[in-house]
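Counting starts at 1 for both ligands and their atoms, following the listed order. Keep in mind that what you see is a predicted model, and the values were worked out from it rather than measured.
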Amino acid sequence: MSNIEALKKELVDTVKAANDIAALEEVRVSALGKKGKVTDMMKTLGSLAPDERKQMGQALNLLKDEISAEIEARAALLRQKEMAARLQNETVDVTLSPRPFAQGTLHPITRTLEDLTAIFADMGFAVKEGPEIEDDFHNFTALNFPAGHPARQMHDTFYLPDVAGGEGDAAKRLLRTHTSTVQVHVMQNQKPPIRVVIPGRTYRSDYDQTHTPMFHQLEGLMIDKTTHMGHLKGCLIELCKRFFEVDTLATRFRPSFFPFTEPSAEMDIGCSRGKDELKIGEGGDWLEILGCGMVHPNVLKNCGIDAEEYQGFAFGMGVERMAMLKYGIPDLRTFFESDLRWLKHYGFGPQETV
Ligand code: DAH
């Protein structure tokens with residue numbers, strides 16, 4: 001009997017020493033398995049006298065039950081410990097701010113377009129868009145560029161193969177060189193009064209510090225019965241004050257030429273240039289920022305609008321140029337290089353608003 005007591009103590013000790021489920025399973029096999037210590041003792045019962053066998057058999061059965069119970073209790077404790085350790089390791093702190101993980105930024109072009117269209121929206125302009133693959137009619141002819149006119153050459157146009165079987169300027173396809181094309185679509189499809197701004201991509205075959213083959217423009221068009229140059233100037237001055245966030249702004253409208261406007265002008269804004277900085281608002285210098293004018297009567301006629309009854313103004317600006325001036329970005333090409341350091345530096349977080 002003392003044998004059994006000794007074995008019980010030994011087995012209980014090894015159960016308690018098992019520190020994980022796998023070790024505990026080994027202990028179970030070594031005690032109760034086919035070749036286990038308790039099983040081995042069971043096998044000796046046959047050689048005992050009947051009385052002794054009975055007593056020993058009962059004692060061994062009891063031992064088996066006790067050891068099984070010990071193992072079960074230990075297993076429950078170990079499973080609990082394992083679960084606690086897992087919960088500890090896999091904890092997610094749901095109160096952490098997502099900011100450190102927000103790697104993306106809004107591109108300065110996206111931000112500038114949003115700011116510009118928001119300012120025009122406040123003045124009652126709707127936003128319109130149009131196709132980037134255009135025909136010669138919408139890009140040139142309807143806008144009063146006569147066939148062979150030198151102004152066509154100045155656009156460095158990317159031409160596409162002509163529409164098969166097509167004829168005339170509607171069959172000549174190209175990547176639009178300016179957003180003025182959408183003026184034509186709007187006037188063809190909408191009766192005046194018209195008050196729209198048109199953001200979008202434009203394309204020209206040119207590449208240097210101030211030119212890229214793809215760039216963005218924002219076009220404006222307003223047509224009504226009494227719309228005049230004063231309205232045009234008022235809208236554009238308000239735009240520049242709000243966009244550049246200045247209260248006083250010197251402006252100048254210089255005579256210019258565009259086939260689709262008459263008279264045509266270029267708008268300059270005042271600035272002062274320091275050694276390493278450009279301050280917009282006032283000062284001895286001027287910056288050219290956009291082209292504009294009164295819509296040419298030929299354009300109204302080409303788009304099916306009665307030029308005796310209606311008149312209006314139009315303007316077009318380079319979006320990259322507006323962004324470069326506002327944020328001090330020196331080279332246009334960097335906008336499209338997708339350099340992560342540049343994007344982090346000039347990009348905007350989604351939470352920041354105007
Ligand atoms: N389309 C012209 C360009 O790309 C810009 C422009 C000038 C647009 C005068 C206009 C405008 O609507 O009236 O150079």
**Q** Among all the protein's non-hydrogen atoms, which is closest to atom 2 (C) of ligand 1, and how far away is it?
**A** Phe260 CZ, 3.8 Å

**Q** Go through ligand 1 atom by atom and flag the ones less than 4.0 Å from a non-hydrogen atom of Gly293.
**A**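 In order of number, 13 (O).
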
**Q** Within 45° of the axis and under 6.0 Å from the centre of the six-membered ring of Phe158, does NZ or CZ of Arg204 qualify?
**A** no

**Q** Below 3.5 angstrom, do we get any N/O pair linking His178 and ligand 1?
**A** yes

**Q** Please confirm whether Met317 comes under 4.0 Å of ligand 1, counting heavy atoms of the residue only.
**A** no

**Q** Please report the closest heavy-atom contact between Asn144 and Asn302, naming both atoms and the distance.
**A**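 Heavy atoms of Asn144 and Asn302 come nearest at N-ND2, 4.3 Å.
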
**Q** For ligand 1, which atoms, with element, lie under 4.0 Å from some heavy atom of Arg204?
**A** 3 (C), 4 (O), 14 (O)

**Q** Strictly below 4.0 Å, N to O, side chains only: are Glu25 and Arg28 in salt-bridge contact?
**A**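 A salt bridge is present here (some side-chain N lies under 4.0 Å from a carboxylate O).
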
**Q** Looking at Cys292, which atoms of ligand 1 are within less than 4.0 Å of one of its heavy atoms?
**A** 9 (C), 11 (C), 13 (O)

**Q** Measure from the ring center of Phe120 to the ring center of Phe315 and say whether it is less than 6.0 Å.
**A** yes

**Q** Give the numbers and elements of all ligand 1 atoms closer than 4.0 Å to a heavy atom of Gln183.
**A**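 Close to Gln183: 12 (O).
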
**Q** Identify, for atom 12 (O) of ligand 1, the protein heavy atom at the shortest distance, and state residue, atom and that distance.
**A** Glu219 OE2, 2.6 Å

**Q** Can you tell which of Gly316, Ala151, Ala265, Ser256 gets a heavy atom nearest to atom 8 (C) of ligand 1?
**A** Gly316

**Q** Ring centres of Tyr346 and His107 under 6.0 Å apart?
**A** no

**Q** Should you measure from each heavy atom of Ala314, which atoms of ligand 1 turn up under 4.0 Å away?
**A** 12 (O), 13 (O)

**Q** At a 4.0 Å threshold, what atoms of ligand 1 neighbour a non-hydrogen atom of Phe258?
**A**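 Near Phe258, meaning under 4.0 Å from one of its heavy atoms, ligand 1 has 7 (C), 9 (C).
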
**Q** Mind checking whether Phe313 has a heavy atom under 4.0 Å from ligand 1?
**A**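 It does not; every heavy atom stays at 4.0 Å or beyond.
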
**Q** Should Asp135 and Lys172 count as an ion pair when the cut-off is N to O under 4.0 Å?
**A** no

**Q** Using the ring of Phe244 (Phe, Tyr or Trp, six-membered ring only), decide whether Lys326 places NZ or CZ under 6.0 Å from its centre and within 45 degrees of its axis.
**A** no

**Q** Please state whether Gln217 comes within less than 4.0 angstrom of ligand 1, counting heavy atoms only.
**A** yes

**Q** Near Thr261, which atoms of ligand 1 are under 4.0 Å from a heavy atom of that residue?
**A** 13 (O)

